[in-house]
Amino acid sequence: MESGHQIVAIDNLITGHRENVGHLMDRPGFEFMEHDVCEPISIEGTVDRVFHLASLASPIDYLEHPIETLESGSTGTRNMLALARQHKARFLLTSTSECYGDPLEHPQAETYWGNVNPVGLRSCYDESKRYAEALTMAYHRVYGVRTNIARIFNTYGPRMALNDGRVVPAFIDQALKGAPLTVFGDGSQTRSFCFVSDLVEGLLLLSESEERYPVNLGNPKEMSILEFAREIQKRFDGAKGIDYRPLPSDDPKLRRPDISKAMRVLGWQPKVGLSEGLAETIDYFKKLNVTVA
Ligand code: UDP
């Protein structure tokens with residue numbers, strides 16, 4: 001919107017919320033369609049770019065809706081590729097670090113093919129995204145669609161749902177309620193958290209590039225989940241300790257993006273550090289809590 005583009009945003013609201021685009025609704029050049037990408041779609045007029053971000057993305061959500069998750073990565077991707085082909089538009093797929101599964105290489109570079117359990121609880125997400133990548137490459141090779149593939153690592157920021165189950169909103173929600181933080185396993189598993197504005201910038205740069213193969217987008221600053229819990233607790237007075245819970249199956253032990261390709265091809269790297277990003281995110285959730293109360 002800020003670059004002057006006209007946007008059609010499509011969401012079936014299975015986990016999203018209309019309020020997330022509430023600030024855009026009245027702006028000229030913005031249209032919201034409540035629609036499932038798994039159903040065919042036609043858009044009148046010119047379409048220059050299709051960004052296919054549609055998917056359930058939180059482990060608890062895709063465990064609850066495994067078939068919808070597989071569908072949005074397969075049928076949904078096919079419909080969005082068909083739309084791009086019909087309009088001779090660029091197409092960008094948001095894939096995932098889950099393509100690397102529980103990785104045996106660390107950090108993860110795009111050249112690593114991954115260690116995914118094809119029948120595990122996470123497979124609905126991992127395999128649908130791996131299929132989506134293959135389909136995207138096929139549309140490029142067969143039909144010449146101008147495609148890009150981003151592999152997104154853990155991303156956070158305002159407008160996540162407090163109850164979406166991912167670790168950043170989960171810990172903030174618990175800290176706001178004065179409850180102990182639920183650390184799964186012993187908390188030694190690692191993640192690397194990227195602030196949403198950095199990711200958006202990376203996606204826009206990628207959609208300008210001629211790179212057809214996947215590019216990792218994420219923040220390489222890695223920490224254990226226990227360290228992350230301490231980071232959250234530092235920001236709340238009277239934090240209530242840790243509540244250790246069982247580790248979900250197939251939970252990746254280590255995750256850190258190798259972003260040398262993004263730096264080389266896009267000239268991109270994250271700018272927002274964890275302190276700044278968390279301050280903005282916590283502030284957002286605090287204001288939301290006040291409104292809800
Ligand atoms: N996690 C946790 N407590 C929670 C939610 C998540 O310890 O309340 C852990 C989870 O087991 C995983 C990490 O935090 O190791 C990141 O989980 P998330 O669901 O945010 O994303 P994932 O990287 O697993 O897709």
Side-chain angles (χ1 to χ4, degrees), residues 15 53 55-66 69-70 72-73 94-103 106-108 114-117 120-130 132 150-196 199 216-233 235-236 239-257 274 277-278 281-282 285:
T15 57
L53 297 98
S55 179
L56 297 106
S58 157
I60 59 159
D61 287 335
Y62 55 72
L63 293 186
E64 194 180 335
H65 302 284
T69 305
L70 282 156
S72 59
T94 55
S95 183
T96 170
S97 55
E98 288 281 337
C99 286
Y100 305 122
D102 191 4
H106 193 69
Q108 295 78 53
N115 176 38
V116 170
N117 175 355
L121 288 177
R122 287 182 174 242
S123 65
C124 57
Y125 185 66
D126 303 9
E127 297 293 14
S128 81
K129 291 290 190 178
R130 287 166 68 102
R151 285 194 185 140
I152 299 177
F153 285 63
N154 296 64
T155 300
Y156 71 101
R159 301 195 185 92
M160 292 179 94
L162 258 184
N163 63 354
D164 102 345
R166 279 179 286 183
V167 71
V168 178
F171 283 1
I172 295 176
D173 186 34
Q174 290 156 356
L176 282 171
K177 290 176 174 150
L181 306 191
T182 53
V183 168
F184 298 163
D186 62 4
S188 62
Q189 70 273 31
T190 68
R191 293 295 186 271
S192 313
F193 298 103
C194 183
F195 191 64
V196 61
L199 180 77
N216 287 341
L217 294 177
N219 192 319
K221 170 98 181 70
E222 179 185 11
M223 63 180 65
S224 74
I225 293 302
L226 196 55
E227 278 175 276
F228 181 64
R230 304 279 182 229
E231 285 293 329
I232 296 289
Q233 288 181 326
R235 290 162 173 82
F236 288 85
K240 283 288 188 316
I242 304 288
D243 174 8
Y244 289 95
R245 302 267 179 94
L247 189 68
S249 68
D250 296 337
D251 197 290
K253 287 181 263 318
L254 299 171
R255 188 182 288 155
R256 169 157 60 101
L274 191 69
L278 275 185
T281 309
I282 291 171
F285 284 126

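Residues: numbered from 1 along the sequence shown. Just so it is clear, the values below take in all heavy atoms, side chains as well, and ignore hydrogens, waters and symmetry mates. Remember, it's 1-based here, ligands and their atoms both numbered in the order they're listed.
- By the 30° and 60° cut-offs, the orientation of the rings of Tyr156 relative to Phe195 is perpendicular.
- In this structure, of Arg191, Arg245, Glu98, the residue bringing a heavy atom nearest to atom 16 (C) of ligand 1 is Arg191.
- At least one heavy atom of Phe171 lies less than 4.0 angstrom from ligand 1.
- Using a 4.0 Å cut-off between charged side-chain N and carboxylate O, Asp251 and Arg191 make a salt bridge.
- Taking every non-hydrogen atom of Gln189 and a distance limit under 4.0 Å, the qualifying atoms of ligand 1 come out as 9 (C), 11 (O), 15 (O).
- In terms of polar-atom proximity, Arg166 is not counted as a contact of ligand 1, lacking any N or O under 3.5 Å from an N or O of the ligand.
- Between Cys99 and Arg130 the shortest heavy-atom distance is O-NH1, 2.7 Å.
- Looking only at heavy atoms of the protein, atom 18 (P) of ligand 1 is closest to Val167 N, 3.8 Å.
- Annotation: side chain of Leu226 is not in contact with side chain of Asp186 (no heavy-atom distance under 4.5 Å).
- Near Asn154, meaning under 4.0 Å from any of its heavy atoms, are these atoms of ligand 1: 21 (O), 22 (P), 23 (O).
- In this structure, CG in Asn117 is found 11.0 Å from CZ in Arg122, a value given to the nearest 0.5 Å.
- At least one N or O atom of Thr182, backbone or side chain, sits closer than 3.5 Å to an N or O atom of ligand 1.
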(request) With side chain to side chain contact (heavy atoms under 4.5 Å, CB included) as the test, would you mind laying out the steps for Leu181 and Gln233 before giving the verdict? (result) CA-CA 9 Å; Leu181 306 191; Gln233 288 181 326; 3.7 Å; yes

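- Checked for salt-bridge contact, Lys129 and Glu98 miss the test: no charged N lies under 4.0 Å from a carboxylate O.
- Residue contacts with ligand 1 leave out Ser58, since none of its heavy atoms falls under 4.0 Å from the ligand.
- Take Asn216 and apply the side-chain hydrogen bond (donor to acceptor under 3.5 Å, both in side chains) test, not counting sequence neighbours, and it matches Tyr100.
- Atoms of ligand 1 found under 4.0 Å from any heavy atom of Val183 (numbered from 1 in listed order, with element): 7 (O).
- Looking at Gln174 next to ligand 1, no N or O pair under 3.5 Å apart turns up.
- Remark: ligand 1 atoms within the under-4.0 Å shell around heavy atoms of Ala170 are 8 (O).
- Below 3.5 Å of separation, one finds no N or O of Leu247 facing any N or O of ligand 1.
- Side-chain contact between Lys221 and Leu274: absent, with no pair of heavy atoms (C-beta onward) separated by less than 4.5 Å.
- For ligand 1, none of its N or O atoms has an N or O atom of Pro248 under 3.5 Å away.
- Residue contacts with ligand 1 include Arg122, since one or more of its heavy atoms lies under 4.0 Å from the ligand.
- If you number the atoms of ligand 1 from 1 as listed, the ones under 4.0 Å from a heavy atom of Ile225 come out as 7 (O), 13 (C), 14 (O).
- Residues passing the side-chain hydrogen bond (donor to acceptor under 3.5 Å, both in side chains) test with Ser95 are Glu133, sequence neighbours excluded.
- The structure places CZ of Arg235 at 13.5 Å from CZ of Phe171, a figure rounded to the nearest 0.5 Å.
- Each of the atoms 5 (C) of ligand 1 lies under 4.0 Å from some heavy atom of Gly165.
- The single protein non-hydrogen atom nearest to atom 1 (N) of ligand 1 is Phe184 CD1, 3.5 Å, given as residue, atom name and distance.
- Side-chain contact between Thr182 and Gln174: present, with at least one pair of heavy atoms (C-beta onward) separated by less than 4.5 Å.
- Interface of Pro59 with ligand 1, defined as ligand atoms under 4.0 Å from a residue heavy atom, comprises 19 (O), 25 (O).
- Using a 4.0 Å cut-off to heavy atoms of Asp251, the atoms of ligand 1 that qualify are 10 (C), 11 (O), 12 (C), 15 (O).
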